[in-house]
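In this chain, numbering begins with 1 at the start of the sequence shown.
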Amino acid sequence: MAPFPDSIHALAWAREIVTRDDVLYVDTETTGVRFGQDDVIDIGIVDHLGNIVMDQLVRPLVAVPADAEAIHGISNRQVQAAPTLNQVWPDVKSLLDGKVLVSYNCSFDSGMLEYAARRRQLDPVVSNRWDCAMEAFAAWNGESSHWRPGWKWINLETASRMLGIDPPTHRAVADALVCLEIVQELSRR
């Protein structure tokens, strides 16, 4: 989805999204932020009602560095006994295929899942579309970016605080739930 041109479009999107029953909120935690090098270690998927449909640690192909662990709290020891992405991918794919997927920074979450699948030669997720709650929040907030065209991106923690929502814990399912809450709150504005 293209960035939102203004707050009116962002709020209209949020109002439409909360009425759909084919929407899933998706978040990942990773070993880092480099596409093709870092790996997915936690997948959280929540439905439009806030029901948790997946809360899954994943054993990565690369180690979890200390700086990433400091953010999300997931250690190498925790993922050591977790299933591999190859093992959980059939469930991930069956949940996400054909759905409208919403993430807070969908280019990151969709990209990390895409690269993780590709490096393992797994069939890609074929969603209806990916929408970005971060872009919607940025348009609603209305602060111009000094670094790129469009609106200034606001991180999930700051956005949640600005809307009076408890901040995320940086585990995938918790962040997916906060993303849902942000979209719900935008839909009421």
Side-chain angles (χ1 to χ4, degrees), residues 1 13-14 16-33 35 38-61 64 68 71-75 78-79 81-120 122-137 155-157 159-160 163 165-187:
M1 161 176 271
W13 167 82
E16 187 262 334
I17 283 294
V18 299
T19 66
R20 299 180 68 132
D21 62 4
D22 64 339
V23 175
L24 292 173
Y25 295 82
V26 181
D27 191 80
T28 61
E29 297 301 331
T30 62
T31 60
V33 297
F35 294 116
D38 285 305
D39 209 357
V40 173
I41 58 172
D42 190 15
I43 302 171
I45 305 171
V46 176
D47 73 12
H48 68 289
L49 299 173
N51 298 311
I52 297 167
V53 296
M54 179 172 278
D55 182 4
Q56 183 64 61
L57 288 176
V58 179
R59 185 174 354 129
L61 297 175
V64 180
I71 293 169
H72 49 57
I74 302 169
S75 69
Q78 288 174 284
V79 295
T84 65
L85 189 62
N86 293 58
Q87 292 169 312
V88 301
W89 194 251
D91 292 334
V92 171
K93 189 165 169 42
S94 70
L95 286 168
L96 302 184
D97 279 357
K99 298 290 193 294
V100 173
L101 308 178
V102 178
S103 292
Y104 200 87
N105 193 354
C106 73
S107 61
F108 180 79
D109 292 306
S110 65
M112 289 306 285
L113 286 171
E114 178 185 334
Y115 280 105
R118 187 182 306 158
R119 76 194 300 187
R120 292 165 174 88
L122 300 169
D123 289 337
V125 166
V126 183
S127 65
N128 183 333
R129 68 182 200 241
W130 279 88
D131 287 356
C132 189
M134 181 177 71
E135 292 281 1
F137 182 84
N155 69 42
L156 184 62
E157 184 172 346
S160 64
L163 292 173
I165 297 167
D166 288 338
T169 61
H170 297 296
R171 286 295 302 267
V173 79
D175 290 2
L177 285 165
V178 170
C179 179
L180 167 62
E181 287 184 79
I182 285 172
V183 173
Q184 290 172 331
E185 185 58 35
L186 288 177
S187 77

Take T28 and F108 through the test side chain to side chain contact (heavy atoms under 4.5 Å, CB included) and record every step on the way to the result. CA-CA 9 Å; T28 61; F108 180 79; 4.1 Å; yes
Please tell me if the side chains of [X] and [Y] come closer than 4.5 Å, counting only heavy atoms from C-beta onward.
X	Y	value
Q56	V92	no
V23	Y25	yes
T84	R120	no
S110	S103	no
L57	R171	yes
N128	R20	yes

Heavy-atom pair with the smallest gap, counting every atom of [X] and [Y]:
X	Y	value
D27	E29	OD2-OE2, 3.2 Å
V40	P60	O-CB, 4.2 Å
A68	V64	CB-CG1, 4.4 Å

Counting only pairs under 3.5 Å, give me each side-chain donor-acceptor contact of residues 174-186, with atom names and distances, residues two or more places apart or in other chains.
{"residue": "D175", "atom": "OD1", "partner": "H170", "partner atom": "N", "Å": "3.1"}
{"residue": "E185", "atom": "OE1", "partner": "R188", "partner atom": "NE", "Å": "3.4"}
{"residue": "E185", "atom": "OE1", "partner": "R188", "partner atom": "NH2", "Å": "3.0"}
{"residue": "E185", "atom": "OE2", "partner": "R189", "partner atom": "NE", "Å": "3.1"}
{"residue": "E185", "atom": "OE2", "partner": "R189", "partner atom": "NH2", "Å": "3.0"}

Which value, rounded to the nearest 0.5 Å, describes the distance between [X] atom [atom1] and [Y] atom [atom2]?
X	Y	atom1	atom2	value
T31	I41	OG1	CD1	6.5 Å
E157	D166	CD	CG	11.5 Å
C132	Y104	SG	OH	8.0 Å
L24	L96	CG	CG	6.5 Å

Salt bridge (charged side-chain N to carboxylate O under 4.0 Å, His left out) contacts in which one or both residues fall within residues 45-55, not counting sequence neighbours: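 Checked against salt bridge (charged side-chain N to carboxylate O under 4.0 Å, His left out) - neighbours excluded - no pair reaches residues 45-55.
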What residues form a ring-ring contact (aromatic ring centres under 6.0 Å, His included) with F137, not counting sequence neighbours?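 Residues passing ring-ring contact (aromatic ring centres under 6.0 Å, His included) with F137: W140.
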Please check: side-chain N/O of [X] versus main-chain N/O of [Y], any donor-acceptor pairing under 3.5 Å?
X	Y	value
D38	V33	yes
R129	V100	no
D39	L61	yes
D97	V126	yes

Evaluation steps, side chain to side chain contact (heavy atoms under 4.5 Å, CB included), between D91 and M54: CA-CA 9 Å; D91 292 334; M54 179 172 278; 3.8 Å; yes
Side chain to side chain contact (heavy atoms under 4.5 Å, CB included) between I17 and H48, intermediate numbers included: CA-CA 9 Å; I17 283 294; H48 68 289; over 6 Å; no
Mind checking what makes salt bridge (Lys or Arg N to Asp or Glu O under 4.0 Å) contact with E114, not counting sequence neighbours?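 Partners of E114 under the salt bridge (Lys or Arg N to Asp or Glu O under 4.0 Å) test: R118.
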Which residues pass the side-chain contact (heavy atoms from CB on, under 4.5 Å) test with D123, not counting sequence neighbours?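 D123: side-chain contact (heavy atoms from CB on, under 4.5 Å) contacts with K93.
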For S127, all residues meeting side-chain contact (heavy atoms from CB on, under 4.5 Å), sequence neighbours excluded: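 Testing S127 for side-chain contact (heavy atoms from CB on, under 4.5 Å), a comparison that skips the adjacent residues, returns L101, V125, W130.
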